[in-house]
Asker: 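This structure is in structure tokens; I'll ask about it shortly.
Side-chain atoms are counted along with the backbone in the values below, which use heavy atoms only and exclude waters and symmetry mates. Naming: A, B, ... by sequence-line order, numbering from 1 per chain.
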Amino acid sequence: MTKYLLLKHYRGAPAAVNDVPMDQWAPEEVSAHIQYMQDFTARIEETGEFVDGQALSPEGTFVRYDGEGRPPVTDGPFAEAKDLIAGWMVIDVETYERALELAGELSAAPGAGGEPIHEWLELRPFMSEPETVTE
Amino acid sequence: MDETLLRSLTPAVIGVLVRRGADFAAAEDAVQEALVEAVRAWPDRPPRDPRGWLVTVAWRRFLDSARADTTRRGREERVEAEPEPGPGRAVDDTLQLYFLCAHPSLTPASAVALTLRAVGGLTTRRIAQAYLVPEATMAQRISRARRTVASVRFDRPGDVATVLRVLYLIFNEGYSGDVDLVAEAIRLTRTLAAGFDHEEVSGLLALMLLHHARRPARTRADGSLVPLAEQDRGLWDTGLIAEGVDVLQAALARDRLGEYQAQAAVAALHADARTAEETDWVQIVEWYDELLGITDNPVARLNRAIALGEADGARAGLAALAELDPSLPRRTAAAAYLHERDGDPGTAARLYGDAARSAPSLPERDHLMRQAARINTRLRG
């Protein structure tokens with residue numbers, strides 16, 4: 001089993017096919033979207049593939065060390081051009097193909113007009129403990 | 001309170017309940033409850049016959065839960081009719097449970113979880129901790145596995161190759177938290193080998209013992225990797241090595257070579273060398289040839305290429321590497337090593353950097369990055 005991080009971007013990913021901001025959707029479309037996400041999580045919990053997931057606030061700050069006793073330099077909220085992570089989910093799956101399959105399902109969450117958003121999700125494998133030596 | 005002893009009794013007790021007519025999931029639940037009860041009661045009142053005690057308590061628990069939803073009389077008649085199991089049956093029951101929990105209808109991850117729970121007697125919480133997933137996730141994985149095997153008949157012999165693969169998967173998971181899966185895999189394989197006379201079971205046990213014997217030398221206190229050639233061989237566990245070699249020799253004497261025996265033979269040749277220079281690379285190459293004759297596995301071909309580089313020189317190793325799929329994990333790292341040995345530090349440093357960027361684990365990435373940095377520093381100076 002390998003763990004993967006599914007990253008959902010507010011900004012920074014290529015544009016979705018059905019690219020309408022959520023505040024332009026009908027309320028029932030928002031509800032349908034949320035329901036889809038909850039069903040998805042429940043389903044992969046039942047298959048033993050769900051590890052964790054959280055939504056993140058759009059408010060972010062960059063922090064940097066700037067010498068002893070001096071305040072860190074901040075740079076936020078994010079300027080328009082910057083990548084912005086909306087949330088993440090960790091899954092633990094048997095194969096890379098299964099990870100792709102689940103990411104595809106998540107990307108098909110309904111959006112404006114009840115149609116799938118077709119948004120891009122970033123899929124990143126976790127670094128693992130070293131496996132048994134092959135020396 | 002010897003928890004390992006307690007857990008070693010688990011599979012036979014589940015087996016007895018299943019043979020008496022309990023379905024697998026209910027038997028497994030009842031035995032888990034009996035284990036919890038034993039942890040509570042035994043320190044004050046240790047039983048004369050621990051297994052008999054567990055069978056009695058687990059059976060009572062099973063009946064308690066069965067009464068809730070089924071007719072009472074049939075179950076009670078059955079318990080009256082059933083004689084106490086003898087020692088021979090206990091071994092058979094244990095073996096059948098190994099085969100059931102590794103049934104080919106299960107995914108590897110499910111088989112691993114079910115084996116640790118039903119054969120190993122670990123709680124769901126501890127298995128979840130070992131695999132770094134939430135307890136609810138692991139509970140679902142186990143209950144799905146139990147449903148999958150619910151209809152499998154308990155009396156049919158299973159596939160030994162599947163059982164061995166599951167045990168080796170557990171071994172390879174290493175350890176995290178307070179469950180050492182390496183030790184657990186060795187314990188389960190030892191038990192299997194004690195009750196089931198099969199050369200590949202011995203081969204796998206030998207392989208695990210020989211790998212495990214060298215574990216203390218493989219990482220430094222800070223977690224960084226130590227390459228084989230630099231390991232402090234004084235840290236190797238000579239007792240485990242001796243046992244592994246004995247088990248392997250007995251298996252090889254039966255002249256039915258399998259992949260675990262061949263891998264164990266390679267591990268034994270490493271363990272046998274007092275210094276890295278003394279390693280019998282020629283014989284290691286021969287064992288990899290045997291292994292490739294059994295299973296044409298790309299990892300074995302990669303390892304053979306590295307061994308060939310030691311036996312016949314870096315050029316020979318590089319030529320063997322050239323025939324392998326470029327995307328094969330660790331191929332770039334192997335190429336870096338061989339290029340450095342071949343006197344081409346520039347190429348070696350570049351390849352170490354590439355290998356580090358695609359390394360699957362943090363300690364491995366750090367090790368490869370240090371190699372690249374070491375060579376680059378020398379090239380600049």
Asker: Once you round to the nearest 0.5 Å, how far does CD of A/Glu46 lie from CZ of B/Arg144?
Answerer: 6.5 Å
Asker: So, do B/Val133 and A/Met1 sit near enough that their side-chain heavy atoms are less than 4.5 Å apart?
Answerer: no
Asker: Verify the neighbour count for atom CH2 of B/Trp281: are there more than 12 heavy atoms of other residues, nucleotides or ligands below 6.0 Å?
Answerer: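 Count over threshold, so yes.
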Asker: Looking only at heavy atoms, what is the nearest atom pair of A/Met127 and B/Leu362, with distance?
Answerer: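 Of all heavy-atom pairs spanning A/Met127 and B/Leu362, the closest is SD-N, 3.7 Å.
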Asker: Are any side-chain N or O atoms of A/Glu45 and backbone N or O atoms of B/Ala136, one a donor and one an acceptor, separated by less than 3.5 Å?
Answerer: no
Asker: Please say whether more than 12 non-hydrogen atoms of neighbouring residues, nucleotides or ligands are located less than 6.0 Å from CZ in B/Arg125.
Answerer: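 No, not enclosed.
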Asker: When you compare the side chain of B/Arg141 with that of A/Asp92, does any pair of heavy atoms fall below 4.5 Å?
Answerer: yes
Asker: Which one wins on heavy-atom pair count under 4.5 Å against chain A: B/Thr137, B/Leu302, B/Ile142?
Answerer: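 Heavy-atom pairs under 4.5 Å are most numerous for B/Thr137.
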Asker: Sort B/Ala139 into side chain, backbone, both or neither according to what part of it lies under 4.5 angstrom from a heavy atom of chain A.
Answerer: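 For B/Ala139, neither part sits under 4.5 Å from chain A.
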Asker: Determine whether more than 12 heavy atoms belonging to other residues, nucleotides or ligands lie under 6.0 Å from atom CZ of A/Arg43.
Answerer: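 Counting neighbours around CZ of A/Arg43, more than 12 heavy atoms of other residues, nucleotides or ligands fall under 6.0 Å, so yes.
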